[in-house]
Protein chains: 2
Amino acid sequence: MANETENLSGFSPIDFLRTRSLANVVQHEIERMIVEGEFTPNERINENALAQQLKVSRGPIREACSALAALGLIQVIPNRGFFVRELSEEEALDVSEARACIFACMTMKVAERITDPEIARLRGLVDRMDELAKTGEVSQYYPVNLEFHSELARMCGSARLAQIYLGLARELHIQRYRALASGDVLDISNREHRAIVDAVAARDPQQAFAAGRAHIVNGTSRTRRAAVALRHSSD
Amino acid sequence: MANETENLSGFSPIDFLRTRSLANVVQHEIERMIVEGEFTPNERINENALAQQLKVSRGPIREACSALAALGLIQVIPNRGFFVRELSEEEALDVSEARACIFACMTMKVAERITDPEIARLRGLVDRMDELAKTGEVSQYYPVNLEFHSELARMCGSARLAQIYLGLARELHIQRYRALASGDVLDISNREHRAIVDAVAARDPQQAFAAGRAHIVNGTSRTRRAAVALRHSSD
DNA sequence: CGACAAAAAATTGTTGACAGTTTACCAAAA
DNA sequence: TTTTGGTAAACTGTCAACAATTTTTTGTCG
């Protein structure tokens with residue numbers, strides 16, 4: 001529990017000992033810098049500058065960037081360097097659709113294999129979110145929401161599906177398409193959570209698939225609306 | 001044609017010009033070597049030996065391996081090196097399940113948006129496979145089968161979903177879990193193809209999802225049975 | 001003043017070398 | 001014969017320097 005939040009962005013000492021190659025450390029560091037906005041989208045990653053800053057040579061930097069490029073977080077242009085990948089509006093929508101499909105598959109598979117204690121656990125999370133939604137405290141609601149999604153990923157029984165889902169979620173998160181939700185949106189979102197739990201509790205895969213897909217699709221349009229509103233208000 | 005023999009290590013000049021970074025060329029070369037069995041699963045990739053063989057230094061080799069590790073084709077153990085990743089039976093099954101889900105999503109999305117000319121195109125491919133299945137020539141059937149799957153990936157309208165699907169398919173292909181199918185298996189497989197086409201032609205997403213998922217799931221068990229039979233016959 | 005060309009600076013791509021770790025080998029003892 | 005200890009070889013991890021390319025600056029001409 002407490003460990004999970006601790007490991008979200010960084011890495012624990014045990015992980016550090018396991019893979020103490022600099023390239024690996026650098027990779028996570030660059031990832032962190034992108035997530036936390038120290039690199040802006042489309043910015044070039046200056047190898048020399050980063051090497052000096054992190055006090056390593058360019059070798060590990062390049063290895064880390066190559067890996068991140070393979071993961072899709074970084075784009076590489078020959079002889080010009082590594083660039084922080086920016087998702088266009090269109091691409092972000094595409095990735096969101098893929099995420100919706102995969103989340104739907106996960107909820108479907110959960111419905112095919114869930115146990116009673118797991119149902120209780122999901123209901124507990126939804127109940128907690130209901131209470132937090134009433135207060136409108138996004139900062140408290142959000143971690144539980146994340147845990148709910150992670151829990152479903154774990155319960156679906158397919159490590160690879162979960163891995164792909166979490167990768168897509170991270171990618172969208174990095175690109176700052178996170179919903180900056182307000183009170184009533186939380187309520188709507190959690191109603192969808194409840195629909196998912198009801199479907200999996202009924203062991204109804206089709207219903208679960210539909211509910212899961214709808215949740216992400218709706219979430220995406222909620223996020224988009226919020227982003228548009230934000231853009232208009234700041235102009 | 002004549003040029004191809006000139007490129008001993010197997011990349012075309014156009015590829016070389018597009019991304020003339022050595023790391024990229026090396027990456028594709030290693031991938032090819034894994035696919036074609038020049039590296040066996042769990043084998044360590046000797047950086048020095050490979051560097052000498054490809055006539056480059058270890059830098060590009062390490063960058064390429066880092067990327068392949070991020071793609072999941074290679075495993076890295078600190079201070080021991082890069083190893084060709086081997087999927088355990090269990091993991092291969094897990095990946096296959098993920099692949100089934102994603103293929104099912106693709107066929108579902110195809111059903112939601114397919115055009116009449118596209119339907120004709122798919123029917124054409126299935127018809128061709130029917131003829132080739134009669135002859136029992138796997139080597140002729142297989143490319144069309146691949147094209148059928150790729151075509152669906154293209155038609156699903158989500159580049160990312162298609163990318164994930166092709167990645168999973170490649171991973172399984174590399175791990176040699178490809179079906180070594182015989183005549184009647186081809187026939188059964190193509191009957192499933194026809195079911196998929198019928199469902200998408202009817203614009204029935206649910207049916208398409210079910211047909212797509214069944215096709216991969218059945219294909220997986222066909223492959224497993226073939227592998228088991230092969231193992232017993234060789235012991 | 002602006003366009004163009006050439007030189008300079010900055011940056012990426014690649015290499016070979018060195019340090020630290022792991023593996024292989026071999027001899028000596030139980 | 002097997003085990004153990006130590007030494008040497010092989011290999012990975014990292015770095016700094018060099019080559020090739022791109023970008024910026026500078027200088028010149030219309």
Side-chain angles (χ1 to χ4, degrees), chain A residues 11 13-31 33-34 38-70 73-85, chain B residues 7-9 11 13-31 33-34 38-70 73-86:
Chain A
F11 39 85
I14 181 71
D15 280 340
F16 183 76
L17 284 178
R18 242 201 247 141
T19 86
R20 72 192 178 311
S21 103
L22 274 192
N24 216 297
V25 176
V26 170
Q27 180 179 335
H28 284 89
E29 178 63 10
I30 295 176
E31 214 173 311
M33 291 172 91
I34 295 176
E38 295 177 36
F39 281 127
T40 61
N42 278 329
E43 181 176 349
R44 200 190 84 242
I45 294 177
N46 187 320
E47 298 176 12
N48 275 315
L50 192 59
Q52 267 188 293
Q53 187 183 332
L54 300 183
K55 298 210 173 67
V56 298
S57 73
R58 283 175 50 223
I61 302 266
R62 287 181 62 86
E63 286 175 30
C65 285
S66 297
L68 289 171
L73 266 60
I74 279 181
Q75 187 178 7
V76 44
I77 302 177
N79 285 320
R80 304 248 340 255
F82 297 99
F83 294 79
V84 176
R85 184 155 157 68
Chain B
N7 298 329
L8 278 179
S9 46
F11 46 84
I14 181 71
D15 279 343
F16 185 74
L17 285 177
R18 246 206 238 136
T19 86
R20 72 198 176 311
S21 108
L22 276 190
N24 215 295
V25 177
V26 170
Q27 180 179 335
H28 284 91
E29 179 62 9
I30 296 176
E31 215 171 311
M33 291 172 89
I34 295 177
E38 294 177 37
F39 281 126
T40 60
N42 278 330
E43 182 177 348
R44 200 189 82 240
I45 294 177
N46 187 321
E47 297 175 14
N48 275 314
L50 192 59
Q52 266 187 293
Q53 186 183 333
L54 301 183
K55 299 209 173 67
V56 298
S57 71
R58 283 174 52 223
I61 302 265
R62 289 181 61 86
E63 287 175 30
C65 285
S66 297
L68 288 171
L73 265 62
I74 279 182
Q75 186 178 7
V76 43
I77 302 178
N79 284 322
R80 304 245 341 253
F82 297 100
F83 294 77
V84 176
R85 184 155 155 68
E86 151 129 79

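On a predicted model such as this, the values are computed, not experimentally measured, just so you know. Below, read A as the first sequence line, B as the second, and so on, with proteins coming before strands; counting in each chain starts at 1.
At most 12 non-hydrogen atoms from other residues, nucleotides or ligands lie less than 6.0 angstrom from CD of B:Gln52.
With D:dC15, D:dT22, C:dT21 as the candidates, the nucleotide lying closest to the side chain of A:Asn79 is D:dT22.
We find that CD of B:Glu63 is positioned 11 Å from P of C:dT15, with the value rounded to whole Å. In this structure, B:Glu47 places its CD atom 14 Å from P of C:dT23, rounding to the nearest Å. The separation between B:Leu50 atom CG and D:dA10 atom C1' is 16 Å, rounded to whole Å. Distance A:Ile61 CD1 to C:dT14 C1': 17 Å, rounded to the nearest Å. The CD-P distance, from A:Gln75 to C:dT12, rounds to 15 Å in whole Å. The distance from atom CG of B:Leu22 to atom P of D:dA20 is 13 Å, rounded to the nearest whole Å. Atoms CG (A:Asn48) and C1' (C:dT11) sit 7 Å apart, rounded to a whole Å. Atom-to-atom, CD1 of A:Ile77 to C1' of D:dT21 comes out at 14 Å; the value is rounded to the nearest Å.
Taking 4.5 Å as the limit, every side-chain heavy atom of B:Val84 sits out of range of all side-chain heavy atoms of B:Thr40. Put simply, the side chain of A:Arg62 reaches to within 4.5 Å of the side chain of A:Glu47, judged on heavy atoms.
Side-chain nitrogen and oxygen atoms of B:Arg80 include none within less than 4.0 Å of the OP1 or OP2 phosphate oxygen of D:dC11. OP1 and OP2 of D:dA10 both lie 4.0 Å or more from every side-chain N or O belonging to B:Asn46.
The base of C:dG13 is paired with the side chain of A:Arg58 by a donor and an acceptor separated by under 3.5 Å.
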Does the side-chain contact (heavy atoms from CB on, under 4.5 Å) test come out yes or no for B:Gln53 and B:Met33, once each step is laid out?
-> CA-CA 12 Å; B:Gln53 186 183 333; B:Met33 291 172 89; 3.6 Å; yes

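The residue A:Gly59 sits apart from the nucleic acid: no heavy atom pair falls under 4.0 Å. Counting any heavy atom pair closer than 4.0 Å across all strands shown, B:Arg44 reaches sugar-phosphate atoms only and no base atom. If you check every strand for non-hydrogen atoms under 4.0 Å, B:Ile45 touches sugar and phosphate atoms only.
If you take CD1 on B:Ile74 and CD1 on B:Ile30, they are separated by 5.5 Å, rounding to the nearest 0.5 Å.
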